Student: 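Okay, handing you the structure first.
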Amino acid sequence: MDDAAQIIIDKVNHTYRPPRGRPVLALADVSLEVRPREFLALLGPSGCGKSTLLYLLGGFLPTEAGRILVEGKPVAAPGPDRGIVFQHFALFPWKTVRGNVLYGLERQRMPRSEREQRAQAFIDLVGLKGFEDSYPSQLSGGMRQRTAIARTLAFDPNILLMDEPFGALDAQTRSLMQTELLGIWQRTPKTVVFVTHDVQEAVYLADRVAVMSARPGRIKAIVDTKFKFGARDPGVFRSKEFVEKVDELWDLVRVEALKAQEEKVA
Amino acid sequence: MAAAMARVDDQPTLAAAAADLTQAAARRLDLVFRSGAALLSILLLLICWELFARSGRVTMFMLPPFSVVAEQIKTDALSGDLWRNLGVTLYRALAGFAIAACIGIVLGVSMSRNRVVRWFCDPIISVGFPMPKIAFLPVIILWLGVYDVSKICVVVFDAIFPVVTATLAGIAAVDKELVWSARNMGASERQLTWQIMLPAAAPQILTGLQVALPIALIVEIIAEMVMGGYGLGGAMMSASRFANSPGVFAGIVEIAVVGFLLIRAMAVLRRRLLSWHQETAE
Amino acid sequence: MRLVRIVFAGFFALLLTAGGAANADPLKIRAGWVAPGNWFSIWLQKKDLARHFGQSYVLVPVHYVGTPPMVTALATNEVDIANLAFSTLGIAIQNAGLNDLRVIADEFQDGVPGYYSQEYMVLKDSPIHKVEDLKGKVVATNAEGSAVDVAMKAMLHKHGLEPNRDYTIIEAPFPAMRAMLAEKKVDLIPAVLPFSYDPALRSIARDLFVARDALGITDFVTWQARKPFLDKNRAALVDFMEDSLRITRWYEDPANHQAAMQILGDLVKRPPQIFDWVFTKRDVYHDPNMLPNLDALQKNVDATHELGFTRASFDVKQYADLSIVQEAAKRLQ
């Protein structure tokens with residue numbers, strides 16, 4: 001085991017028990033380590049349990065078998081050390097952008113002026129200056145996700161858990177947001193666990209990509225995607241190295257996606 | 001306009017803004033037309049009423065003309081009877097409604113958040129909801145007398161059920177991710193309940209309140225009709241006892257107007273409270 | 001409007017066929033009653049005495065929950081004989097526009113010497129000993145403008161007390177009166193038959209006054225019908241009234257007391273013993289010839305008007321047609 005690991009996932013199993021119907025094994029014997037300030041993508045076909053793994057990490061679901069350690073301590077409950085961003089933003093619709101960003105800060109002992117200052121700083125960071133008093137329903141999808149990211153970053157978690165955060169956005173916005181996320185990540189370095197089923201997105205964003213198998217989810221492969229060059233400008237998409245990585249991962253994922261589809265048909 | 005602008009990431013073009021403006025104007029025109037049409041149908045109804053009542057096919061006792069009824073309302077208004085009865089009815093209906101709203105929301109929230117409370121209250125709600133609570137009136141009179149308390153009590157009993165069930169349904173429908181987000185940010189169970197669940201369920205709770213309000217008015221008026229005394233229902237009952245048809249019909253018209261205004265007021269309140277909600281942001 | 005016309009056409013057609021059929025079939029008399037013990041509530045139980053029943057007429061008693069729906073039914077010709085109290089007569093004639101209403105027979109009279117009179121009771125230990133003591137008190141009534149209410153207000157009026165100014169009135173149904181008094185929610189209650197003979201009431205309450213003190217003899221409830229109905233069906237109605245006299249006399253016969261108690265007990269599904277007073281001197285007065293006391297009725301109607309419950313008084317003789325009941329009584333002599 002790597003002593004430097006910030007997150008240790010050790011032989012985790014998880015069974016999903018629907019209210020009606022029979023229990024389904026969602027995760028089987030998953031082991032994974034994430035280093036501090038690493039950007040790790042969990043890649044896999046839909047239904048492979050990658051989101052479940054993220055929820056276990058967040059402490060939203062109880063760990064039943066195996067163990068999950070974050071900074072050496074087992075995960076028991078949700079906590080502000082692990083901030084989550086959901087695909088559908090999960091903003092409080094009755095609060096303005098500012099109110100949403102402030103909510104996490106209000107839960108911490110922090111003087112009011114500092115809270116407001118900090119909230120404003122993160123609203124500015126995600127480029128929402130001028131929309132502080134807008135309600136989520138008045139914002140576009142991209143702006144909503146920016147708000148959600150600002151809200152999570154504002155309470156300063158060490159680890160960022162992102163559950164297909166750009167999955168609900170249109171292609172252009174998604175591409176913009178990906179670049180922007182990298183910029184933010186570089187400015188406020190954090191450990192990121194990023195769930196996606198988009199191979200390009202995983203290669204583009206992550207240092208390492210953990211490929212998961214179709215249900216029950218296992219770690220099938222871990223692929224290093226840290227490129228030699230540092231600047232991740234959109235031009236990277238056309239580079240040979242990038243294309244090769246994408247192809248390599250596609251091959252791994254395709255098999256699983258087909259399996260997942262067959263299972264659905266059956 | 002601010003809302004419309006904010007919905008697109010890019011700056012709206014001038015043409016788009018102009019299109020927005022014409023649309024808004026069209027909407028307003030449409031609104032005027034629709035509310036006008038609503039008034040027109042009521043006006044038509046009143047004219048038909050007047051003509052039919054004066055046609056000689058019915059006696060004054062069976063159906064007094066609207067003009068006579070209006071005259072009766074005017075007389076009652078000038079003598080102060082109308083305002084006293086209206087005040088009494090509104091006071092009891094709204095007091096009962098307010099109590100039902102407070103208790104109903106607190107009960108609904110407690111039931112959603114506490115298994116013991118739910119276990120205890122769920123069967124009572126299921127059995128109590130379809131019961132005609134007004135049938136308990138004689139018992140309630142015995143226990144609480146014939147004054148305001150007993151009437152308000154019946155109103156509360158009847159109006160509380162839609163509030164509780166709407167609160168339960170609203171909280172049950174709160175997005176799991178919303179709750180997780182709040183927990184993630186360190187919200188305690190109590191904060192989760194009052195700061196997240198309640199506002200998130202507000203649209204459905206308000207729907208429950210919108211159902212409960214006319215019930216409160218209806219039950220109050222029925223209680224007055226059964227128990228007598230002051231109030232619009234009581235006045236209607238006395239009028240009926242004295243075969244005073246204009247008085248009976250005046251009561252019907254007054255109750256219709258009051259009910260209509262209350263429902264409109266509630267809709268306005270909803271729009272105010274849910275200004276953040278999609279349904280009103282459009 | 002066309003629909004309305006069709007509906008009305010159908011309605012009139014129905015009336016015509018009903019009228020045409022009446023010549024051949026026995027006259028159907030729909031008779032309204034409100035309180036158990038009213039003649040129409042126990043009439044059919046003794047129809048074995050009714051010689052013309054099924055021949056010239058049939059009786060269909062109809063129960064009404066109160067006077068207002070009975071007035072409405074009179075206005076819409078859905079009831080043929082009503083039994084309104086004196087206080088409602090003026091309302092039916094003036095407000096409901098029933099100018100053709102006629103008093104045709106007597107149901108019962110209150111305050112006839114030697115017979116029962118409605119009681120108005122206070123708690124035994126109440127500080128109220130005379131009517132004047134009611135100033136500032138709460139007084140229960142069954143319904144404003146009812147005969148019971150008129151008698152009570154007439155009494156208070158006699159002693160200088162006016163409603164709302166000098167005392168508070170609240171309405172309550174008769175069965176709830178005892179509890180209201182026992183719990184001191186009110187200071188005075190009207191006690192009417194059969195509730196006034198409830199031992200639980202008599203053990204806690206005493207009379208402050210009776211209706212006789214207020215109005216003397218009251219022709220409390222009479223029978224009424226509309227003139228066109230009377231004119232058209234006079235012969236059958238005399239037959240009906242003759243049978244009615246036979247039946248009411250049977251009930252009033254002391255020899256049938258036990259049987260009468262049983263009939264009433266069955267009617268309200270209670271032990272017959274609670275009706276031990278019925279048709280005795282402890283009961284209100286039932287005239288053996290069912291002849292209304294028009295002089296008393298005139299006074300009652302005037303009192304109702306004086307208390308402001310009717311717009312004007314009227315001459316009851318013009319609204320009475322006693323020829324049918326008189327002719328029927330003559331047949332039985």
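Here the structure is a predicted model, which means the values were calculated and not measured.
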Student: Between A/Leu161 and chain B, which part of the residue has a heavy atom less than 4.5 Å away: side chain, backbone, both or neither?
Tutor: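 For A/Leu161, no heavy atom lies under 4.5 Å from chain B.
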Student: Quick one: does B/Asn184's side chain have a donor or acceptor within less than 3.5 Å of a partner on A/Gly79's backbone?
Tutor: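 Here the side-chain-to-backbone pair exists.
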Student: Please determine whether the number of non-hydrogen atoms from other residues, nucleotides or ligands lying under 6.0 Å from atom CZ of B/Phe157 exceeds 12.
Tutor: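 At most 12 heavy atoms, drawn from other residues, nucleotides or ligands, come within 6.0 Å of this atom.
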Student: Between A/Phe60 and B/Trp180, how do the two ring planes meet: parallel, tilted or perpendicular, split at 30° and 60°?
Tutor: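 Answer is parallel, since the angle falls under 30°.
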Student: If you count every heavy atom of other residues, nucleotides or ligands that lies below 6.0 Å from B/Phe129 atom CZ, does the total exceed 12?
Tutor: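 Result for CZ/B/Phe129: enclosed.
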Student: Answer yes or no: does atom CD of A/Gln117 have more than 12 heavy-atom neighbours from other residues, nucleotides or ligands under 6.0 Å?
Tutor: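 Counting neighbours around CD of A/Gln117, 12 or fewer heavy atoms of other residues, nucleotides or ligands fall under 6.0 Å, so no.
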Student: Among the options B/Lys176, B/Arg183, B/Gln191, pick out the one with the most heavy-atom pairs lying under 4.5 Å from chain A.
Tutor: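 Highest number of heavy-atom pairs under 4.5 Å: B/Gln191.
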Student: Nearest 0.5 Å, please: how far is CG in B/Leu198 from CH2 in A/Trp94?
Tutor: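 Going from CH2 on A/Trp94 over to CG on B/Leu198, the span is 9.0 Å.
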Student: Select one option (side chain, backbone, both, neither) describing which atoms of A/Leu61 are under 4.5 Å from chain B's heavy atoms.
Tutor: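 Side chain of A/Leu61 only, per the 4.5 Å heavy-atom cut-off to chain B.
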Student: What part of B/Ala202 gets within 4.5 angstrom of chain A, counting heavy atoms only: side chain, backbone, both, or neither?
Tutor: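 Neither part, no heavy atoms under 4.5 Å.
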Student: Look up atom CE in B/Met185 and atom OH in A/Tyr103, then write down how far apart they are to the nearest 0.5 Å.
Tutor: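 Answer for the CE-OH pair, B/Met185 versus A/Tyr103, is 7.0 Å.
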Student: Which answer fits B/Leu273, side chain, backbone, both or neither, if we ask what part of it has an atom under 4.5 Å from a heavy atom of chain A?
Tutor: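 Neither the backbone nor the side chain of B/Leu273 comes within 4.5 Å of chain A.
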Student: Specify the closest pair of heavy atoms between B/Ser181 and A/Arg151, including all atoms of both residues, with the distance to one decimal.
Tutor: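 In this case the closest contact between B/Ser181 and A/Arg151 is OG-NH2, 3.2 Å.
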Student: Counting only heavy atoms not in B/Arg115 (residues, nucleotides, ligands), do more than 12 fall under 6.0 Å from its CZ?
Tutor: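 Incorrect, the count does not exceed 12.
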Student: Side chains of A/Arg107 and B/Gln195, heavy atoms from C-beta outward: is any pair under 4.5 Å?
Tutor: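 They are in contact (side-chain heavy atoms under 4.5 Å apart), so the answer is yes.
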Student: Taking all non-hydrogen atoms of both residues, which atom of B/Leu178 and which atom of A/Leu91 are closest, and how far apart?
Tutor: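 That would be CD1-O, 3.0 Å.
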Student: So which part of A/Phe155 gets closer than 4.5 Å to some heavy atom of chain B, the side chain, the backbone, both or neither?
Tutor: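 The side chain, not the backbone.
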